[in-house]
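No hydrogens, no waters, no symmetry mates; every other heavy atom, side chains included, goes into these values.
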Amino acid sequence: MPKPDSGQGRTEGHIPAAAPASASAPASATGAAPAPASATGPAPASATGAAPASVTAACRVGLLVTLVLGGLTALPPLSMDMYLPALPAVTRSLGAPAATVQLTLTACLAGMALGQLVVGPMSDKWGRRRPLLVGMIVYVAATAVCALAPTVDMLIGFRLLQGLAGAAGIVIARAVVRDLYDGVEMARFFSTLMLISGVAPIIAPLIGGQVLRITDWRGIFVVLTAVGILLTLVVAKWLHETLPPERRHGGGVGEALRTMRGLLADRVFTGYTLTGGLAFATLFAYISASPFVVQEIYGASPQTFSLLFGVNSVGLITLGQINGKVLVGRVSLDKALGLGLGVVMLAATALLLMTSGVFGKVGLLPVAVGLFVLMSAMGLVMPNTNALALLRTPHAAGSASALIGTSAFLIGAIASPLVGIAGEQTAVPMAVVQLTCALGALGCFLGLCRPWQRRAEAV
């Protein structure tokens, strides 16, 4: 798929700008030879008016890459959320305190955050395919051991390893997108990935609940092992190398650290990374607090909560598709991102006013509407922050992807516990955390990214 010049990939600072991947990169992802191009541009259409072979191949590859990368980005949510209904059963089965069993979730989340810092630079040095396949194999092995774990300590340890290995899918999926696409095409692809990965948190608890109807909690890890094996085979067959040897980085840990330091020295890249991380923290705050807020404070049933959770997820997916298919290419990525951040901030402000009693006693419906608007606006924020940050790093997409993902997980993990800081009788902390993170994200966008300044430089 050809990569149009978006005008948004300008670099600044001391990071050297590398030439973007060629227009034939998607074709090379499956080993297909691209059609030759002339010195002045791409190969012309044939005399019959048909598109050149490379364009057709790129379209076919785009579908395959979408499905494979969508599966990779959906695996971590499946690993986390499919397990949630089994927590009480694990507590009884292993005879461990509930607080200790909760560490199995914390360990997996920590592994996903830290694993990205390891796998990202590895993929810049050795290519995308080998680290991804190794990560998938380790993920399958760790998940299988989780299914057999006799003690909670062993379960915690291998959940950590599961998260470390599963991080390969997250970080390399973003890096592959950067290898294959540029500009608005990259933003569109991230929006498409959101359609697939956004479904995973909706269906994962439902799948976990159904598995528990026919077997015990260990069966959930058996299902995840089978999914991991299937995805590993699909990756081995369909996802070929996307980073050619001439674009790889040599060196070891020291080189990786220098690369990351150089990335963070780029004010605009750091701005987009922090913007995305803080915006993602508002999402973490919602996930952590919404079961308590909806069911305990507003008295909704678990079924009502599940329905609202699903509706909010559909809103996020829908606006993500509107971003990719309608806005991208018609308005700049920065404008779409700014619109999303503004809506998130307004929704968080409304939630704070409602939960703090400024409008008197407010029922569940207005709060649910506020949460829906906030969640849906993430469909404008998340794909565009990823695209805008990675546009600046064609020379180190793996390391950049690692920094983007790790910052989002770490900031979200810090924000999540704060939603319950005032006890169980108020939803104000949730709204305060969301508004604070939204203001921080908007501040980073305006103060560090300064999109108007870069547009003026481009003129």
Side-chain angles (χ1 to χ4, degrees), residues 71-120 122-123 130-173 197 200-201 204-205 207-212 214-236 284 287 402 405-406 409-410 412-413 416:
L72 291 172
T73 56
L75 188 60
L78 285 175
S79 302
M80 291 290 295
D81 298 340
M82 192 185 298
Y83 176 67
L84 294 178
L87 288 178
V90 175
T91 301
R92 294 190 298 268
S93 173
L94 299 181
T100 303
V101 173
Q102 287 283 349
L103 291 177
T104 62
L105 291 175
T106 304
C108 188
L109 183 63
M112 289 179 186
L114 298 177
Q116 295 184 63
L117 289 177
V118 177
V119 178
M122 288 173 57
S123 74
R130 280 190 291 172
L132 178 57
L133 286 173
V134 171
M136 292 302 302
I137 292 170
V138 175
Y139 172 89
V140 169
T143 306
V145 174
C146 287
L148 303 172
T151 66
V152 70
D153 292 336
M154 180 177 286
L155 183 59
I156 291 171
F158 279 91
R159 283 285 278 177
L160 175 63
L161 182 59
Q162 184 192 41
L164 287 167
I170 307 173
V171 68
I172 292 180
S197 61
I207 295 174
Q210 294 305 309
V211 171
L212 290 175
I214 58 177
T215 184
D216 62 7
W217 62 271
R218 298 180 188 274
I220 292 177
F221 288 107
V222 172
V223 172
L224 287 172
T225 301
V227 171
I229 292 172
L230 177 61
L231 191 53
T232 302
L233 295 174
V234 170
V235 167
F284 263 67
I287 293 172
T406 299
F409 274 94
L410 290 180
S416 294

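Counting only heavy atoms from C-beta outward, the side chains of M136 and L75 approach each other to under 4.5 Å. L161 places a side-chain heavy atom less than 4.5 Å from the side chain of F158. With contacts defined as side-chain heavy-atom distances shorter than 4.5 Å, the pair V134/V119 does not qualify. In this structure, the side chains of T232 and V140 come closer than 4.5 Å at one or more pairs of heavy atoms. With a 4.5 Å cut-off on side-chain heavy atoms, L233 and I229 count as touching.
Nearest heavy-atom pair across I156 and T104 is CG1-CG2, 3.6 Å. Across every non-hydrogen atom of Q116 and A402, the tightest pair is O-CB, 2.8 Å. The minimum heavy-atom distance linking T225 with A144 is given by the pair OG1-N, 3.4 Å. Taking all atoms of both residues into account, the shortest heavy-atom contact from P76 to G166 is CG-O, 4.1 Å. In terms of heavy-atom proximity, G111 sits nearest to A167 at O-CB, 4.2 Å. Closest approach of A165 and G135 over heavy atoms only: CB-O, 3.3 Å.
A donor-acceptor contact shorter than 3.5 Å is absent between the side chain of T215 and the backbone of V211. Although no hydrogens or angles enter the test, the distance criterion places no donor-acceptor pair under 3.5 Å between the side chain of R159 and the main chain of A142.
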Would you mind writing out the side-chain donor-acceptor pairs for residues 85-97 within the sub-3.5 Å range, not counting sequence neighbours?
residue: T91; atom: OG1; partner: L87; partner atom: O; Å: 3.0
residue: S93; atom: OG; partner: W217; partner atom: NE1; Å: 3.2

Next on the checklist: Using the rule given for side chain to side chain contact (heavy atoms under 4.5 Å, CB included), can you reason through Y139 versus L224, listing the C-alpha separation, both sets of side-chain angles and the distance that settles it, and then say yes or no?
Outcome noted: CA-CA 10 Å; Y139 172 89; L224 287 172; 4.0 Å; yes
Item to check | L72/L132 under side chain to side chain contact (heavy atoms under 4.5 Å, CB included): CA gap, chis, key distance, verdict | outcome: CA-CA 10 Å; L72 291 172; L132 178 57; 3.7 Å; yes
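Between the CD1 atom of I172 and the CG atom of L133 there is a distance of 8.5 Å, given to the nearest 0.5 Å. Taking CE of M82 as the reference point, atom CD1 of I220 lies at 7.5 Å (rounded to 0.5 Å).
Just one of L164, L109, T406 meets the side-chain contact (heavy atoms from CB on, under 4.5 Å) condition when paired with L114; it is L164.
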